[in-house]
Structures are given as structure tokens and as C-alpha cells.
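Remarks on the structure that follows.
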There are 2 protein chains.
Amino acid sequence: MSRVQLATRPIYMQLRDALAERIASGQWKPGAAIPNEGDLAREFGVSPGTMRKALSLLETEHLITRRQGRGTFVNDPASEGLVDRFCNVRGLEGKPIVGRVEVSEVSEATANEMESERLQLRIEDPVWRIRRVRYEADSAFMYEEVSLPAELFPDLSDNPSRIVFLAHRYGLLLGKAEERLAVGKASGPAAAALRVAPASPVMVLDRVVRTIDGRPVEWRLAQCHLATRYVAQMH
Amino acid sequence: MSRVQLATRPIYMQLRDALAERIASGQWKPGAAIPNEGDLAREFGVSPGTMRKALSLLETEHLITRRQGRGTFVNDPASEGLVDRFCNVRGLEGKPIVGRVEVSEVSEATANEMESERLQLRIEDPVWRIRRVRYEADSAFMYEEVSLPAELFPDLSDNPSRIVFLAHRYGLLLGKAEERLAVGKASGPAAAALRVAPASPVMVLDRVVRTIDGRPVEWRLAQCHLATRYVAQMH
DNA sequence: AAGTGGTCTAGACCACGCA
DNA sequence: GCGTGGTCTAGACCACTTG
């Protein structure tokens with residue numbers, strides 16, 4: 001047929017973007033089935049094999065789930081297994097420890113050196129800063145300082161939330177995250193929030209979450225008062 | 001043509017195993033080019049597309065590298081970027097901190113409860129136990145207790161080494177690893193090796209390395225005296 | 001210019017889930 | 001039995017690398 005790839009970008013990637021846009025925009029709702037491969041291929045005027053490759057890409061990016069004999073479904077970012085995708089602190093059985101999350105402060109500021117480096121912003125670009133504390137069984141175990149590029153999250157202050165829900169609300173599709181861990185000493189605010197002596201040993205978690213395009217959307221610096229029954233899991 | 005998949009296992013996976021065997025056995029040496037897609041497809045009596053899928057699988061498993069216009073090459077497990085694939089302790093610039101590795105003890109034993117669970121062995125199955133210390137700039141920063149299934153590593157005692165090299169020597173192809181981290185208190189031997197006070201805060205790294213088939217080949221429990229310039233990186 | 005992997009096509013049949 | 005995704009085929013042309 002026609003439709004040869006003349007531009008540099010492969011067709012299956014253009015298809016991925018087009019399909020991802022339908023999900024991000026809400027045209028295809030979480031949980032719903034999308035048209036089958038053949039119909040999609042005809043609609044976009046490509047061969048089934050090319051459409052299949054685009055769909056496979058979307059599946060590896062956790063945007064859809066394909067099930068033989070049933071169909072292709074849009075993943076719900078709020079579903080079990082995807083909400084806590086970036087939470088590497090686990091119980092000894094391997095299940096994520098999330099706990100109750102309490103936001104203690106939200107403010108708008110301009111990016112400092114650390115934020116501009118981690119979020120790939122210019123110094124002085126506007127950012128949101130959020131302070132949170134996580135409780136497990138009424139005991140604070142994690143103090144978090146979160147920074148978000150304000151440009152991506154207009155009007156955030158009325159309802160800050162966890163990055164997975166924010167991304168969904170603002171039509172951002174999350175991809176991968178990197179996290180670094182170290183043993184450090186509790187900062188003043190962290191020690192106060194966690195009710196431990198200042199400079200107590202804590203686990204420091206430094207995490208950047210990115211969109212599927214690789215753009216940073218969240219930088220989180222957490223201090224964690226780990227009981228031995230909690231561990232951080234990496235793959 | 002003929003050659004339809006009658007058995008349950010897809011052809012491209014059987015091809016992957018066949019090609020991986022050639023690498024594991026040393027028939028295809030690290031760094032060398034392997035035949036092109038078309039020739040391989042003809043040799044195995046499959047269509048080019050199927051052979052391509054098998055080769056792509058091998059590439060995602062880090063066994064080969066494909067380069068457009070050049071060819072397909074067997075990865076050297078000792079090459080930069082693959083040796084330290086499982087070392088998650090990094091400097092702040094993101095580069096792995098390996099240090100000088102010194103083996104302090106090798107012994108044969110039978111699996112205890114922990115080992116049988118982590119290595120998926122029966123209690124009392126034979127295991128190798130290795131004690132190692134890692135030095136960076138003449139200062140000990142990590143104490144490791146390593147356990148290996150003895151069945152996979154006959155005659156190990158004369159030359160224990162890091163898992164990447166052992167696997168290559170014994171024809172095992174490494175796949176993924178999981179690692180869990182926690183803040184703990186230094187054990188007696190660890191404190192002695194690291195020259196810190198007993199029960200000092202250390203980072204505990206609990207790692208299982210597996211073959212591409214998913215079989216555990218190494219369990220390592222490390223205690224790490226982390227300077228703030230070292231962190232553990234997870235993805 | 002020749003050879004390689006990367007992309008794309010237009011079909012086929014198979015295995016699975018469901019009504 | 002029907003529709004779905006999973007696998008497989010047998011080619012085509014394109015982009016890249018090297019002689």
C-alpha cells in the first residue's frame with residue numbers, strides 16, 4: 001500500500017502518541033475497552049502489524065492491558081498495582097506501605113538550584129512545594145518534601161494530591177521514575193514531624209517521576225523512619 | 001509454509017533458547033558478530049519476522065546488541081555497564097561504586113531456612129557461603145554475606161568471584177535481580193569488618209540475582225556503611 | 001555499492017474467553 | 001460459534017554503516 005514513513009519518526013510511535021492522547025484526553029475512559037486491532041488499523045490507514053506494534057508499546061508503558069480472547073482495555077491509573085507503582089517502601093511480605101497521607105503545607109515558589117536540576121527547569125521557574133507526612137497505624141513514619149513544575153499543574157493549591165492522581169487530573173501520562181536512597185540524619189522539620197530526636201538516622205529517598213516522554217513531573221525528597229519491618233524494594 | 005506452532009511454547013521463545021544456548025556454551029563468543037537475520041531464519045527454517053522477534057527478545061535481555069547497518073553482536077558480560085548491572089550503590093554522580101573486593105572466607109554448608117527461601121532450595125540442599133568486604137580508597141564500606149546453590153557451581157572453592165564472572169564461567173545467563181533495602185544495626189562481623197561500633201546504623205541490602213529463566217543463582221545480604229556521598233539507586 | 005538491521009505490509013492460522 | 005488478541009509468514013522498502 002501507500003503510507004510509507006517519510007518523516008523520521010516511525011509510524012508506530014506516531015500511532016502510540018495518537019492513542020495515548022485519546023487516553024490522556026479522556027476520550028477513552030479507564031476500564032473501557034478500545035476498538036480491536038483491525039478496526040484501529042483501518043481507521044488510521046496502517047497495516048494490522050504496525051497497529052499491533054503501537055499497542056504493544058502502550059502495554060509496556062502500562063497504559064493499556066491486552067487480554068487474548070477478550071480485548072484491549074484502558075488501564076485505570078487509580079487501580080491496585082498502578083497507584084503504588086512508584087512507592088518503593090514495602091513491608092517484609094513485599095506489599096507497598098503507603099499509609100495515611102496528610103498534607104501539612106502547600107506553597108508556590110521559584111525553583112532553587114536543586115529543583116531546577118532535578119526537574120530540568122530554569123532557576124526561578126515557578127514550582128509548587130508540598131509538605132506531607134505519612135502515617136501507618138497513627139504513627140508518622142515518613143516526612144516528604146515534594147516539588148512540582150507549576151507550569152504543568154495550574155491551580156494546584158486547592159487540591160494537592162498524590163502524583164498519580166494529579167497526573168490523571170491534568171492529562172499527564174506517567175512513565176518511569178528513578179529513586180536514590182541513602183542513610184542520613186533527620187532534618188529539623190522531619191525530626192519534628194516524625195517525633196524522633198533531631199539528627200536521628202533516617203532513610204533518605206530522593207525520587208524523580210517522569211512522563212512517558214521522559215519529562216520530570218515530580219521531585220520528592222523523603223525522610224523515612226524505618227522500622228525493621230519496612231524495606232525499600234528495587235528491581 | 002509448514003512449521004506451525006503445535007506445542008504450547010511459541011517458536012520465537014524456542015529460538016531464543018537455542019540462540020542463548022549458543023552464547024552460554026561459548027559457541028558464539030562475547031564481542032563477536034552473529035549471522036544476520038536472514039541467514040539465521042533460513043538455518044532454523046522460520047520466517048525472518050519470527051527470527052527478528054527472538055533476536056529482539058535477546059536484546060531486551062541484554063544478551064546481544066543490534067546496530068542498524070552494522071550487525072548483531074554478542075554482549076560481553078564483563079563489559080562496562082553490564083558488570084555492575086546489579087550494583088545499586090552509586091556515587092552522587094550516578095556511577096556505580098564497586099571498590100576493591102576482598103574474599104575473607106569460603107565454605108560449603110547446607111541451606112538454612114533463609115537461604116532455602118531466597119534461593120528456592122530445599123532445606124539441607126548444599127550451598128556455598130562467601131564472606132566479602134569491599135574497600136573504597138582503603139576504607140571498608142561494605143560487608144557481604146553471599147550464598148550460592150552449590151549444585152550450579154561445582155568446584156567453586158578454588159576461585160570464588162563476583163556473580164557476573166561466575167555465571168559466565170559456569171554457562172549461566174543472568175536476567176533480573178531484586179533488591180530490598182533497610183536501615184539496620186551492624187552485626188558483629190559486619191561492625192568488625194567495617195571498623196564501626198557494633199549496632200551502628202548501616203544500610204542493609206538484600207539481593208537475589210536470577211537467570212533469564214527466573215531461577216535464583218545468588219542471594220546476598222550486605223551491610224553498608226554509607227557515606228552521604230554514596231546512595232542506592234533504583235529504577 | 002553492498003550489506004545490515006529497522007520498519008511496514010497484508011494476509012494466514014491458532015488459542016482463548018464468552019455467549 | 002464468534003470475536004478477540006497471539007503467533008507466524010514472506011515478502012517489500014528505508015536508513016544506516018562500511019568498504
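Values below: every heavy atom of this structure, side chains too, minus hydrogens, waters and symmetry copies. Throughout, a chain's letter reflects where its sequence line sits, starting with A, and its residues are numbered from 1. Worth saying up front: this structure is predicted, and the values here are computed from it rather than measured.
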Item to check | Atom-pair distance (CG on Leu55(A); P on dG5(D)), nearest Å | outcome: 8 Å

Item to check | Base dG6(D) to side chain Arg52(A), donor-acceptor N/O within 3.5 Å cut-off | outcome: yes

Next on the checklist: Closest approach to the side chain of Tyr12(B), judged atom by atom: which nucleotide of dA10(C), dC8(D), dG5(C) is it?
Outcome noted: dC8(D)

Checklist entry - Separation of Met51(A) atom CE from dT4(D) atom C1', in whole Å? => result 16 Å

Next on the checklist: Reading DNA chain C from 5' onward, which residue's closest nucleotide shows up sooner: Pro48(A) or Met13(A)?
Outcome noted: Met13(A)

Next on the checklist: Which heavy atom of Ala24(A) sits nearest to which heavy atom of Gly171(A), and what is that distance?
Outcome noted: CB-O, 3.6 Å

Checklist entry - In residues 30-40 of chain A, which ones come under 4.0 Å of DNA chain D, going by heavy atoms? => result Asn36(A), Glu37(A)

Checklist entry - Going by an N to O cut-off under 4.0 Å, is there a salt bridge joining Arg22(A) and Glu43(A)? => result yes

Item to check | From Glu115(A), Glu145(A), Glu144(A), residue fulfilling salt bridge (Lys or Arg N to Asp or Glu O under 4.0 Å) relative to Arg129(A) | outcome: Glu115(A)

Item to check | Qualifying residue for side chain to side chain contact (heavy atoms under 4.5 Å, CB included) with Phe165(B), from Arg162(B), His168(B), Arg169(B) | outcome: Arg162(B)

Item to check | Rounded interatomic separation in angstrom, taking CD from Glu59(A) and C1' from dG6(D) | outcome: 11 Å

Checklist entry - Looking only at side-chain N and O atoms, does Lys53(A) come under 4.0 Å of OP1 or OP2 in dT7(C)? => result yes

Checklist entry - Are any of Ser47(B)'s side-chain N or O atoms less than 4.0 Å away from OP1 or OP2 of dT9(D)? => result yes

Item to check | Rounded interatomic separation in angstrom, taking CD1 from Ile11(B) and P from dG6(D) | outcome: 17 Å

Item to check | Side chain Asp213(A), main chain Arg215(A), donor-acceptor under 3.5 Å | outcome: no

Extract from the structure each pairing of a protein N or O with an N or O of nucleotides 16-19 of chain C at less than 3.5 Å, listing the distance.
residue : atom : partner  : partner atom : Å
dC16(C) : O4'  : Gln68(A) : OE1          : 3.3

Next on the checklist: Just N and O in the side chain of Thr72(B): are any of them under 4.0 Å from OP1 or OP2 of dT4(C)?
Outcome noted: no

Checklist entry - Think Arg67(A) has a side-chain N or O under 4.0 angstrom from the OP1 or OP2 of dT4(D)? => result no

Next on the checklist: Tell me the closest heavy-atom pair linking Pro96(B) and Cys87(B), and the distance in Å.
Outcome noted: CB-O, 4.4 Å

Item to check | Arg220(A) and Glu218(A) ion-paired at < 4.0 Å | outcome: no

